[in-house]
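First up is the structure itself, then whatever we jot down about it.
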2 protein chains.
Amino acid sequence: MADKVTIADVARAAGVSRQTVSNALNTPEVVREETRRRVLDVVEELGYRVNQAARQMRTGRSRLIAARIDPEQDGINGSVGDRFLHGLTETAAREGYRVLLYTADGDDAETAAFDDLLGAYEPDAFVLMATHHGDRRTTWLAERGVPFVTFGRAWSDPAAPHCWVDVDGAAGTEAATRHLLSQGHRRIGFLGWPKGSGVGDDRREGWRRALAEVGLGVAGLHRETEDDVVPGEHAARDLLDRDPEITALVCASDSLALGALHVARAPGPAWLAGGHPHRPVAVVGFDDTPVARAIGLTSVRQPLAEVASSCLRLLTHRLDGGAGAPPEYLLLPPSLVVRASG
Amino acid sequence: MADKVTIADVARAAGVSRQTVSNALNTPEVVREETRRRVLDVVEELGYRVNQAARQMRTGRSRLIAARIDPEQDGINGSVGDRFLHGLTETAAREGYRVLLYTADGDDAETAAFDDLLGAYEPDAFVLMATHHGDRRTTWLAERGVPFVTFGRAWSDPAAPHCWVDVDGAAGTEAATRHLLSQGHRRIGFLGWPKGSGVGDDRREGWRRALAEVGLGVAGLHRETEDDVVPGEHAARDLLDRDPEITALVCASDSLALGALHVARAPGPAWLAGGHPHRPVAVVGFDDTPVARAIGLTSVRQPLAEVASSCLRLLTHRLDGGAGAPPEYLLLPPSLVVRASG
DNA sequence: GTGAAAGCGCTAACAA
DNA sequence: TTGTTAGCGCTTTCAC
């Protein structure tokens with residue numbers, strides 16, 4: 001283990017007091033240029049680094065940001081969270097923060113994790129993913145005045161009572177639908193999640209809007225189901241069977257889109273488990289997961305690195321600057337990645 | 001922010017000294033049963049949690065384990081690291097540790113990250129992934145006496161100079177090859193990475209072994225290439241074009257396997273970008289990524305949750321118990337997930 | 001079995 | 001502009 005260099009060692013070597021070293025590092029403008037240089041040189045030379053634990057005891061700030069790592073659900077959508085986490089870790093490091101991981105299954109388990117973490121490691125803030133209606137996590141944190149941002153808007157309270165960053169899902173499905181319209185498709189279905197989920201309703205809305213813009217209705221053109229491959233396949237089959245005119249499907253996720261592809265391709269490739277010959281139908285997914293890339297699925301891509309850096313920016317702004325300022329929020333545009341499937 | 005409950009609050013409420021509270025929590029056997037009960041009741045009641053920063057200052061232990069989060073490479077293989085990280089976080093929490101994330105691009109950047117982290121947050125240990133020949137990270141840590149485990153054996157020094165957990169890749173490809181043999185395939189090719197990578201050579205060896213066991217040679221039956229879809233496709237085409245008798249391919253990764261599938265299926269599904277009609281060939285991948293599941297690719301699965309928990313067990317054993325004990329290591333068996341592709 | 005004292009490394013407040 | 005003092009919450013040491 002490398003021998004620990006403390007602020008006292010630096011002070012001694014530079015011939016100043018410990019406090020001056022601290023000032024040179026944390027409040028440089030208060031130290032004379034020459035002194036500052038000398039101190040920083042010694043810091044460099046000795047390889048001194050401030051000890052977080054000691055600093056935390058004094059300042060009450062840990063420079064730790066806590067984030068949950070999801071169990072991969074179906075493994076397809078899971079990649080979204082992982083890309084986000086990566087972006088968060090990178091941006092955080094640049095701002096002098098580190099990401100602390102935790103797991104939790106459900107809102108209540110997660111608030112319990114908050115409690116644990118705050119008691120022990122005292123993270124300065126939390127970054128939450130996948131906000132939803134009636135999210136108990138945000139109220140728990142807000143009640144206790146713990147700083148946090150969410151990836152996902154404040155669905156329950158659109159008046160934005162907390163910081164959030166989100167991607168405009170409706171704009172994504174709208175772009176997807178317009179793309180299909182421009183390809184000549186006139187009867188375009190939608191595969192989504194049961195009503196009541198903010199994200200799902202938002203994505204359906206974009207599709208509806210794009211059709212409405214060209215005077216098309218949506219009656220009988222959509223199905224709602226659980227977000228997984230097999231349910232997606234069933235829903236797609238049902239939809240296509242009942243309406244022979246449908247030539248394209250917009251899906252709320254790549255999982256659903258993959259299910260749709262199982263029935264939408266003619267002839268279905270035999271090795272695509274459960275594939276049944278059907279008529280050719282264009283399919284667009286959502287999230288641009290590795291699976292979409294692998295199978296040539298057109299998909300709506302979320303700018304996850306940008307979402308992550310924005311989350312961190314809002315957070316540091318709040319942490320380092322005005323804690324009293326009104327919460328900020330940010331809606332980022334997605335992009336459409338066009339591939340062979342549509 | 002929840003008001004902080006300190007050990008002094010607990011001591012006061014329980015009518016004992018601070019020290020007794022500390023003992024009741026950390027050295028229960030030294031406190032009288034009755035006192036211990038009373039203290040623990042108050043701890044519960046007040047929601048007291050030891051402050052890590054303060055404890056760390058005293059003990060020098062942070063109960064933090066640092067691990068790298070990878071940028072998703074091609075997005076396919078990336079899922080391995082993410083599943084591993086998840087397992088690590090879950091097991092760590094059960095053992096009273098938390099996972100601290102960092103990113104780094106290359107060995108040298110990673111050792112720089114070690115230096116930063118050790119100076120500032122003082123993680124108790126590191127968990128490294130993807131060890132390789134001449135790994136500068138392990139020597140850096142070993143030289144400084146920093147505890148660590150690796151997911152991936154000590155390739156450079158098989159005498160096991162450090163703790164590691166790995167999956168028996170050769171056993172995986174051997175099982176895959178045997179499976180294909182049992183299906184009647186007699187001429188089975190291999191798609192892998194350039195020689196010299198520990199993992200790649202290991203996986204090729206399993207295939208070779210399985211063929212040797214039934215008296216088959218490997219001359220002209222393998223290709224080495226970069227671990228990505230397009231190179232995999234080219235290599236597969238080359239191999240299949242030159243040897244018309246090959247009816248099955250074992251691949252060192254799902255990325256390569258996906259590339260192979262682009263040429264191995266007849267007729268290639270049109271929406272699989274770049275697909276060219278070819279004769280039908282069975283394909284087996286490695287890692288059982290979400291992509292494998294999505295496209296029905298038979299693949300070798302690594303028990304990542306078990307790898308993660310084993311890593312943590314070796315680590316805590318070393319951390320809490322004998323730091324002087326010889327390094328332990330563990331080779332876990334993979335399993336074959338059979339799907340439509342082979 | 002329990003309590004008092006000391007100090008880990010740092011920085012806020014104040015004094016020089 | 002620089003130095004001194006104090007104390008964050010905890011546990012190790014030693015006295016009782």
Side-chain angles (χ1 to χ4, degrees), chain A residues 1-40 42-43 46-64 96 117-122 124 320, chain B residues 1-40 42-43 46-64 96 117-122 124 320:
Chain A
M1 201 81 69
D3 28 333
K4 202 181 283 190
V5 180
T6 78
I7 206 170
D9 298 325
V10 177
R12 201 174 312 116
V16 296
S17 74
R18 293 185 334 212
Q19 187 51 38
T20 301
V21 177
S22 176
N23 285 338
L25 292 169
N26 303 314
T27 341
E29 67 277 12
V30 92
V31 174
R32 195 169 25 155
E33 169 69 12
E34 185 199 319
T35 317
R36 194 177 58 75
R37 286 292 295 259
R38 186 153 37 99
V39 170
L40 294 187
V42 174
V43 163
L46 267 53
Y48 167 78
R49 283 184 169 81
V50 294
N51 180 282
Q52 274 305 324
R55 168 182 272 181
Q56 179 181 344
M57 287 209 67
R58 227 11 249 197
T59 64
R61 304 269 314 265
S62 62
R63 302 203 75 87
L64 241 31
L117 284 164
L118 287 170
Y121 294 88
E122 305 182 298
D124 292 337
D320 300 335
Chain B
M1 201 82 69
D3 27 334
K4 202 181 285 190
V5 180
T6 78
I7 206 170
D9 299 325
V10 177
R12 201 174 312 119
V16 297
S17 75
R18 293 186 334 214
Q19 187 45 39
T20 301
V21 177
S22 177
N23 284 338
L25 292 169
N26 302 314
T27 339
E29 67 276 13
V30 93
V31 174
R32 191 166 29 153
E33 169 69 13
E34 184 199 320
T35 317
R36 196 179 58 74
R37 286 293 294 259
R38 185 151 38 96
V39 170
L40 292 186
V42 174
V43 163
L46 266 51
Y48 168 79
R49 282 184 170 82
V50 294
N51 180 283
Q52 275 304 324
R55 167 182 275 183
Q56 181 181 343
M57 286 206 69
R58 252 335 269 195
T59 63
R61 304 270 315 267
S62 62
R63 303 203 75 86
L64 243 29
L117 284 164
L118 287 170
Y121 293 88
E122 304 181 300
D124 292 337
D320 301 334

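Protein chains get the first letters and strands the later ones, always in sequence-line order, with residue 1 at the start of each. Since the structure is predicted, the reported quantities are computational estimates derived from the model, not experimental observations.
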D/dT2 P sits how many Å from A/R12 CZ, rounded? 19 Å
In whole Å, I'd like the distance from the CG atom of A/N51 to the P atom of C/dG7. 18 Å
Note, A/E122 side chain near B/K4 side chain (heavy atom, < 4.5 Å): yes
To the nearest Å, give me how far apart CD (B/Q52) and C1' (D/dT11) are. 13 Å
What is the distance, to the nearest angstrom, from the CZ atom on A/R63 to the P atom on C/dC10? 15 Å
Donor-acceptor under 3.5 Å (A/R38 side chain, A/A14 main chain): yes
Taking the side chain of A/A54 as its heavy atoms from C-beta onward, which of C/dC10, D/dG9, C/dG3 lies nearest to it? C/dC10
Rounded distance in Å - CD1 (A/I7) to P (D/dG3): 12 Å
B/N26 side chain: which of C/dG9, D/dT2, D/dT11 is closest? D/dT11
Rounding to an integer number of Å, can you tell me how far A/R61 CZ sits from C/dG9 P? 23 Å
For nucleotides 12-15 of chain D, which of its nitrogen or oxygen atoms have a protein nitrogen or oxygen under 3.5 Å away, and what is each distance?
residue : atom : partner : partner atom : Å
D/dT12  : O4'  : B/R58   : NH2          : 3.0
D/dT12  : O4   : B/Q19   : OE1          : 2.8

Taken to the nearest whole Å, CD/B/Q56 to C1'/D/dC10 is 12 Å
Which pair of non-hydrogen atoms, one from A/A53 and one from B/M57, has the smallest distance, and what is that distance? CB-CG, 4.1 Å
Let me know the distance between CZ of B/R18 and P of D/dG7, rounded to the nearest Å. 13 Å
Under 4.0 Å from OP1 or OP2 of D/dT2: is there any side-chain N or O of A/R32 that close? yes
Contact between A/R63 and A/V50 at the side-chain level, heavy atoms closer than 4.5 Å - yes or no? no
Test applied, side-chain contact (heavy atoms from CB on, under 4.5 Å); reference residue, A/T35; option that passes from A/N23, A/V21, A/T20: A/T20
CZ/A/R37: more than 12 non-hydrogen atoms of other groups inside 6.0 Å: no
Is the closest side-chain heavy-atom distance between B/T6 and B/N51 below 4.5 Å? no
Just N and O in the side chain of B/T6: are any of them under 4.0 Å from OP1 or OP2 of D/dG9? no
